[in-house]
Amino acid sequence: MAVRTKKKKLELIAQRIRPFQDFPSKGILFRDICPILKDPEALTAVTDLFEEHVRQTYPAVELVVGLDARGFLFGPLLAQRLGVGFALVRKKGKLPGPTSSVAYSLEYGKAEVEIQEDGVLPGQKVVLIDDLLATGGTLYATCELMKRQKADVLGCLVVIELLDLKGAERIGSTPTFSLVQY
């Protein structure tokens, strides 16, 4: 039976997010999206809600950009629905050919994200997508990477936002849309 209302879709998604205490380390409550992926109705609900938001808020979108690695799960589904392309932002060293990259700081060190130089065109209107917004480091770095590529970032989409970690503040003026907030 298909879930029809926005409220019911959000409830289904929230029910499918599974918490794991002390993973990957003590004191962390990990939010697992794997049950969403196993449930076709929940996965459809995620895609439906993202599609509805993008069509209403960013009708001029030209490209969906997915963040390594779980943005790769939701991004292509959304891009297909919207009739636009999909590009990958990966951890440094994972993409062939010429790339552009941005380094950023994490609580426990440094990381770097990259995109193929022709992955996003100057002036292209993009939305970024990932599964989780925590401290905002990866989304912030991806926004910076898009600026270097001269792309126009319309907004960021996430399944889960951890409000206490204030990741949306780190991203700044780029609008963030989250389905479930904790």
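Distance check: Leu139 CG to Met146 CE gives 11.0 Å after rounding to the nearest 0.5 Å. Distance CG/Asp130 to CD1/Ile160: 10.0 Å, rounded to 0.5 Å. Note that CG of Leu132 is 9.5 Å distant from CD1 of Ile17, once rounded to the nearest 0.5 Å. Atom-to-atom distance recorded for Arg18:CZ and Arg31:CZ is 13.0 Å, nearest 0.5 angstrom. One finds the CG atom of Leu67 at 11.5 Å from the CZ atom of Arg90 (value rounded to the nearest 0.5 Å). Atom CG of Leu157 sits about 12.0 Å away from atom CD of Glu51, to the nearest 0.5 Å.
For the pair Ile13/Leu49, a side-chain contact is recorded, criterion being any heavy-atom separation below 4.5 Å from C-beta on. Asp131 has its side chain out of reach of Leu73: every pair of non-hydrogen atoms, C-beta onward, lies at least 4.5 Å apart. Leu43 is listed as a side-chain neighbour of Phe74, based on a closest heavy-atom distance under 4.5 Å.
Among all heavy-atom pairs drawn from Phe20 and Asp32, the shortest one is CE1-OD2, 3.5 Å. Summarising the geometry of Ala141 relative to Tyr104, their closest heavy-atom pair is CB-CD2, 3.3 Å, with the distance given to 0.1 Å. Of all heavy-atom pairs spanning Ala79 and Gly85, the tightest one is CB-O, 3.5 Å. When all heavy atoms are compared, the tightest approach of Gln124 to Leu63 is OE1-CD2, 3.7 Å. When all heavy atoms of Leu165 and Ala134 are compared, the pair lying nearest together is CB-O, 3.5 Å. Listed here is the closest heavy atom pair of Pro76 and Gly71: CD-O, 4.0 Å.
Ring planes of His53 and Phe177: parallel class, angle under 30° (limits at 30 and 60°).
Other residues, nucleotides and ligands contribute at most 12 non-hydrogen atoms within 6.0 Å of the CZ atom of Arg70. Counting heavy atoms of neighbouring residues, nucleotides and ligands inside a 6.0 Å radius, atom CD of Gln80 does not exceed 12 of them.
Aromatic pair Phe30/Phe23: centroids less than 6.0 angstrom apart.
Here the rule is side-chain contact (heavy atoms from CB on, under 4.5 Å) with Thr138, and of Val113, Leu133, Leu128 only Val113 fits it.
Connection of Leu145 to Tyr140 is not established within any shared hydrophobic cluster, with ILVMFWY side chains joined at heavy-atom distances below 4.5 Å, either directly or through further cluster members. Two different hydrophobic clusters hold Tyr182 and Ile28 under the rule that ILVMFWY side chains link at heavy-atom gaps under 4.5 Å.
With hydrogens and angles ignored, the 3.5 Å screen pairs a side-chain donor or acceptor of Asp68 with a backbone N or O of Lys91. Checking side-chain atoms of Asp22 against main-chain N and O of Gly27 turns up a donor-acceptor pair under 3.5 Å. Side-chain N or O atoms of Glu62 include none that pairs as donor or acceptor with a backbone N or O of Val84 at under 3.5 Å. A donor-acceptor pair under 3.5 Å links the side-chain atoms of Gln116 to the main chain of Pro96, judged by distance alone.
For the pair Asp48 and Lys6, the salt-bridge criterion is not met [side-chain N within less than 4.0 Å of a carboxylate O].
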Worked check of salt bridge (Lys or Arg N to Asp or Glu O under 4.0 Å) between Glu114 and Lys92: CA-CA 6 Å; Glu114 67 181 355; Lys92 182 79 173 159; 3.7 Å; yes
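No side-chain donor-acceptor contact under 3.5 Å links Thr176 and Glu161.
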